[in-house]
Novice: 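One structure is given below, represented as structure tokens, and several questions about it will come after.
For ligands, and for the atoms within them, numbers begin at 1 and follow the listed sequence.
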Amino acid sequence: MRHLIDPMDLSVEEIDHLLTLAQDIIDNKEKYSEVCKGKKLATLFFEPSTRTRLSFEAAMMELGGNVLGFSSASSSSSTKGESVGDTVKIVSCYADIIAMRHYKEGAPMLASMKSDVPIINAGDGGHNHPTQTLADLLTIKREKGDLMFGRTVHSLIKAMSRYEGIKFILISPDELKLPDYIRTEVIEKNNIPYEEISSLEDAIGSLDVLYMTRVQKERFFNEADYIRLKDTYILDKSKLALARPDLSILHPLPRVNEISVEVDDDPRACYFRQALNGKYVRMALIMDLLGLDKDFKA
Ligand code: CP
């Protein structure tokens, strides 16, 4: 049985298939409206979410299926000490496929070993968020025409490391640099050119895609460090004036202060379209993991 736990679980060919299928869903919504009739998706969210949980649920509904689940650990029997393994074993009896977000790295992987139905990792701690990566790749493909090019960045770098013609410019303060294992094991191992710099203004004029993220308050050990670093980068109109006219600005959302609302109406702001793309690519993924894509020529 296939699960999606890490973006590297998918080959480049499988990613291309999902992105092509998602594009066909966007173009022919009616064709897919009953594909998952009689099927159920369970969303097990042990950590908060707006986009991922609701887009998964909307995806299943638009495929004609049904949804069940919980939106916080506190409303599940994990508060009584039930293990993740037991939880998925039980939910496998009620649903055909499970999307799980958990605050512990590795929890969805553990769940996949116990589950009788496909598990999709909807975010595990600071580790991976593979369906956000699919939404990011679909957005880049749709905005740029091809794939030239916290967990969202880690997953995206891993997935993009397999495409040709990539250069990464990693912009962060010293304290929030990319973890060493991603830099050495993914970027350097694949001989991908990269620079690490701290100034957004210095880099923005050379970028095709600017992928911004929130400073992740919930993963800091010390609140003073979060307060010191949280507003390091704020993209506003004055910084955007330095950017190329064909820049694509992505952000997995939610944002806090890092993109000023005055940027939202700029055609280069792709982040709301990116969230919508998340629904379509999750529709494609649900179909694929349930083996329901075979009868559909995208
Ligand atoms: N991008 C993302 O994962 O958003 P949510 O936390 O709202 O699901």
Side-chain angles (χ1 to χ4, degrees), residues 4-7 9-10 18-19 22 41-62 67-76 97-108 111 119-143 150-160 176 209-220 226 230 233 235 248-259 261 263-264 269-286:
L4 178 59
I5 305 301
D6 185 298
D9 293 346
L10 296 168
L18 290 174
L19 302 188
L41 163 78
T43 51
L44 310 186
F45 277 61
F46 295 84
E47 230 192 15
S49 166
T50 296
R51 274 147 295 275
T52 310
R53 185 172 67 84
L54 296 181
S55 67
F56 259 119
E57 296 187 356
M60 191 49 149
M61 289 177 197
E62 291 190 27
V67 296
L68 64 161
F70 51 80
S71 58
S72 70
S74 63
S75 60
S76 80
I97 186 164
I98 294 172
M100 171 188 284
R101 172 170 290 186
H102 205 285
Y103 47 86
K104 278 196 185 150
E105 280 96 355
I119 297 282
I120 303 169
N121 179 3
D124 62 327
H127 197 201
N128 276 312
H129 193 348
T131 64
Q132 179 65 50
T133 306
L134 291 172
D136 300 341
L137 294 176
L138 180 60
T139 304
I140 295 170
K141 184 177 163 82
R142 297 189 75 210
E143 299 291 334
R151 59 193 174 202
T152 57
V153 172
H154 303 171
S155 285
L156 185 60
I157 287 176
K158 281 159 86 176
M160 288 183 68
L176 297 178
V209 175
L210 172 60
Y211 192 95
M212 295 199 67
T213 62
R214 178 173 62 92
V215 176
Q216 306 237 321
K217 184 178 183 184
E218 64 275 28
R219 313 221 188 274
F220 274 79
Y226 169 71
K230 70 184 172 71
Y233 303 110
L235 180 65
S248 295
I249 306 160
L250 275 68
H251 190 306
L253 303 179
R255 69 172 154 191
V256 185
N257 283 331
E258 58 278 5
I259 301 181
V261 288
V263 173
D264 292 357
C270 303
Y271 31 91
F272 295 119
R273 297 195 288 280
Q274 182 184 359
L276 180 60
N277 288 334
K279 180 184 71 174
Y280 293 117
V281 85
R282 288 178 178 112
M283 289 171 78
L285 179 65
I286 290 169

Novice: Do any N or O atoms from the side chain of Arg101 and from the backbone of Ala122 form a donor-acceptor pair under 3.5 angstrom?
Specialist: yes
Novice: So which protein heavy atom does atom 6 (O) of ligand 1 come closest to, and at what separation?
Specialist: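 It is Arg101 NH1, 2.9 Å.
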Novice: How far is atom 4 (O) of ligand 1 from the closest protein heavy atom, and which atom is that?
Specialist: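 Going atom by atom, the protein heavy atom closest to atom 4 (O) of ligand 1 ends up being Arg51 NE, 3.1 Å.
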Novice: Would you call Arg273 and Leu138 a side-chain contact if the rule is heavy atoms closer than 4.5 Å?
Specialist: no
Novice: Testing the 3.5 Å rule here: is there a donor-acceptor pair between the side chains of Arg282 and Thr131?
Specialist: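 Judged by distance alone, the side chains do pair up.
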Novice: Mark up the atoms of ligand 1 that fall under 4.0 Å of a heavy atom belonging to Thr50, in ascending order.
Specialist: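 This gives 5 (P), 7 (O), 8 (O) as the contact atoms.
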Novice: If you take all heavy atoms of Val281 and Leu19, which pair is closest and at what distance?
Specialist: CG2-CD2, 4.0 Å
Novice: Counting only nitrogen or oxygen atoms and a 3.5 angstrom limit, does Arg53 reach ligand 1?
Specialist: no
Novice: Please work out whether any backbone atom (N, CA, C, O) or any side-chain heavy atom from C-beta onward of Leu253 is under 4.0 Å from ligand 1, and answer side chain, backbone, both or neither.
Specialist: backbone
Novice: For His129, take its heavy atoms, then give the atoms of ligand 1 lying under 4.0 Å from any of them.
Specialist: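 Answer, ordered by atom number: 2 (C), 3 (O).
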Novice: Check the orientation of Phe46 and Tyr103. Use parallel for under 30°, tilted for 30 to 60°, and perpendicular for over 60°.
Specialist: perpendicular
